[in-house]
Amino acid sequence: MNFSEYLQVVRAAAMEKSHDELRNALQVVVLTVIVMSVGAWLHKVVWIPLKMRRIMAKQGVGMTPFRILFGNIRESVAYAAKFPEDCHVDGYYESTPTVYPQHALYFPLHGSRFVYEWGSETRLAVRDPEFTREVLSTKQAYFRKPEFHRKFMGEVVGQKCIAIVEDPPTHQSHRRKLNPFFYPDALKAMVDGMVEGAASGIQRLDEKVSQGGGVADFDVLPDLYCASNQILTRTMLSSDVERGRQLYKCQTQLVEILYGSLSKLSFWIPGYRFFPTKDNREIASLKSEMRNLLTEIIGARTKAFGDGNEGGYGDDILGQMLMIASTAPQGTTKGAPFNLESVVDNTQMFYMAGQDTVAVVVAFAMLMLARHPEWQDRAQKEVNEVLASGKAIDVNGLNRLKIVGMVINETLRLFSSLPRIPKVAVQDVQVRDLFIPKGLTVEVAVQSMHLDPALWGEDVHKFNPERFANGPASASTHPQAFLPFSAGLHYCLGTNYAMNEMKIMLAMMLQRFQILVSPHYKHRPYFAFVQRPKYGMRLILKRV
Ligand SMILES: *[C@@H]1O[C@H](CO)[C@@H](O)[C@H](O)[C@H]1NC(C)=O
């Protein structure tokens with residue numbers, strides 16, 4: 001072997017060695033990464049929950065059994081499954097077991113608060129209004145929406161809408177921009193659009209009643225959805241009726257798939273949302289369809305009005321939002337700018353929030369009126385007095401519909417659209433007698449609070465609108481025990497819009513029909529974005 005050959009051999013050996021070393025080093029790195037991420041994951045799903053549980057247990061708060069990863073989902077799903085698919089309604093309305101089973105299962109065991117695991121998120125559920133008032137109002141700066149909740153809701157309504165955007169300067173500046181849409185004068189201008197929109201849904205009900213020769217037994221919910229969709233389309237998008245309908249169809253499907261997946265255990269596996277499963281593919285395609293529709297709606301609008309048009313982009317809600325986005329000084333105000341993306345996402349949110357909630361509450365109110373003819377008579381009488389000789393509703397009329405308002409609020413109490421409001425502590429904070437560590441989610445148990453006999457009296461499970469005769473503040477023993485629209489800084493922007501909408505729909509219904517119980521109605525309220533009846537709302541409508 002000559003020298004150069006020798007050198008080659010040595011070099012080859014060295015290369016091999018360095019390859020080996022490289023391989024070893026790589027193995028060490030990979031192993032370290034795995035160990036570290038498993039460690040981080042265990043830290044998140046075991047260490048932190050256990051730590052927070054210890055802190056809360058020490059303060060005497062009731063505890064549910066700890067379950068890694070899936071939390072108490074399995075128990076609560078099993079609990080809800082114990083209730084029949086038709087939970088007969090007989091003057092006793094407690095929908096929590098099927099709507100938010102965790103609360104129905106654990107409040108009776110632990111009193112006014114307890115700790116449980118929602119997936120791997122540790123939550124303190126509370127139904128004490130004094131405590132929740134601090135969380136939502138005086139101490140709200142210490143709380144945000146939990147990340148999971150924000151992401152999940154954001155899938156339906158868009159991440160940049162007012163319900164999701166939370167950093168305080170952005171939230172406040174966007175809210176200030178959107179608020180004027182719901183000022184009394186603005187709402188006044190929408191009444192005609194609302195009446196027209198409602199009329200198109202009611203006309204469909206009317207046709208079915210006519211086909212039945214003046215009386216018909218059918219599911220009214222689809223036509224109520226149609227009415228609230230038309231109301232929203234008219235006040236928000238003016239005339240883009242067809243696209244409005246399509247948008248709503250996509251949203252409904254998306255909600256169904258997303259919420260259906262929540263009760264499957266596979267959903268709680270980390271990263272599951274990114275597997276190309278059938279559900280996930282469908283979610284992605286619905287979301288892109290919604291994006292396209294919204295882009296088209298907005299594109300049509302900007303084209304119709306366009307540059308240099310003095311009148312702006314139209315005077316419905318979409319037009320006003322576009323105006324704000326095009327004129328707001330971008331980047332100079334505090335927080336993120338209100339831009340085109342904000343318009344898209346807020347449109348999506350108003351669309352979602354404004355239809356399902358309203359249609360479903362009206363449906364439940366009709367069910368209650370059917371089961372309580374004495375209240376139906378009173379409401380009908382009021383409507384006929386206020387709207388003498390079948391005339392259409394105007395603002396003055398709306399304000400005089402007091403009994404109808406009481407009926408709606410009592411319905412909202414028994415079947416609150418949002419059964420709970422979760423808020424995660426972003427700093428350690430003392431709320432009344434409890435130390436809340438950073439990272440713990442406080443869950444305001446709205447529905448359970450609405451059904452607490454300590455607050456509402458022994459007839460708490462009965463439908464009794466009389467309790468609202470002097471308004472919500474004196475309906476129970478605590479002025480803030482009625483929270484259908486949340487409270488504090490995040491109080492629902494559209495409260496009065498929604499109240500008007502519901503009053504108009506109910507009043508127009510009562511003007512035309514007598515509502516009766518149908519033997520085919522199956523009572524099974526459940527939760528998918530809002531509380532709703534699983535099998536629709538079968539009722540008998542009889543022309544008056
Ligand atoms: C019903 O509740 C809404 C929202 O809290 C309130 O504005 C309205 O005054 C209430 N009406 C009655 C009759 O209680």
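Both ligands and their constituent atoms are indexed starting at 1 by order of listing.
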S.K.: Can we say Lys503 and Glu501 salt-bridge, meaning some charged N sits less than 4.0 Å from an Asp/Glu carboxylate O?
M.R.: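 Judged by the 4.0 Å cut-off on N to carboxylate O distance, Lys503 and Glu501 do not form a salt bridge.
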
S.K.: Report, in ascending order of atom number, the atoms of ligand 1 lying under 4.0 Å from any heavy atom of Phe468.
M.R.: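 Contacts of ligand 1 toward Phe468, numbered from 1: 13 (C), 14 (O).
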
S.K.: Hey, is atom 7 (O) of ligand 1 touched by any protein heavy atom at less than 4.0 Å?
M.R.: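 Given the 4.0 Å limit, the answer for atom 7 (O) of ligand 1 is no, no protein heavy atom qualifies.
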
S.K.: Is the count of non-hydrogen atoms from other residues, nucleotides or ligands lying under 6.0 Å from Lys208 atom NZ greater than 12?
M.R.: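 Yes, enclosed.
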
S.K.: Is it possible for you to check whether Arg127 lies under 6.0 Å from the centre of the six-membered ring of Phe107, through NZ or CZ, and within 45° of that ring's axis?
M.R.: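 Ring-cation test returns yes.
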
S.K.: Please identify which atoms of ligand 1 are closer than 4.0 Å to at least one heavy atom of Met406.
M.R.: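 Under 4.0 Å from Met406, ligand 1 has these atoms: 13 (C).
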
S.K.: Do Asn409 and ligand 1 have an N or O pair less than 3.5 Å apart?
M.R.: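 Yes: some nitrogen or oxygen of Asn409 is under 3.5 Å from one in ligand 1.
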
S.K.: Measure the acute angle between the ring planes of Phe114 and His110, then classify it against the limits of 30° and 60° as parallel, tilted or perpendicular.
M.R.: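 Geometry flag for His110 against Phe114: tilted rings.
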
S.K.: Looking at Arg467 and Glu410, does any basic side-chain N land under 4.0 Å from a carboxylate oxygen?
M.R.: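 Yes, charged N to carboxylate O under 4.0 Å.
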
S.K.: Just go through Pro472, Ala475, Cys492 and tell me whose heavy atom is the nearest to atom 5 (O) of ligand 1.
M.R.: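 Considering heavy atoms of Pro472, Ala475, Cys492, the nearest to atom 5 (O) of ligand 1 sits in Pro472.
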
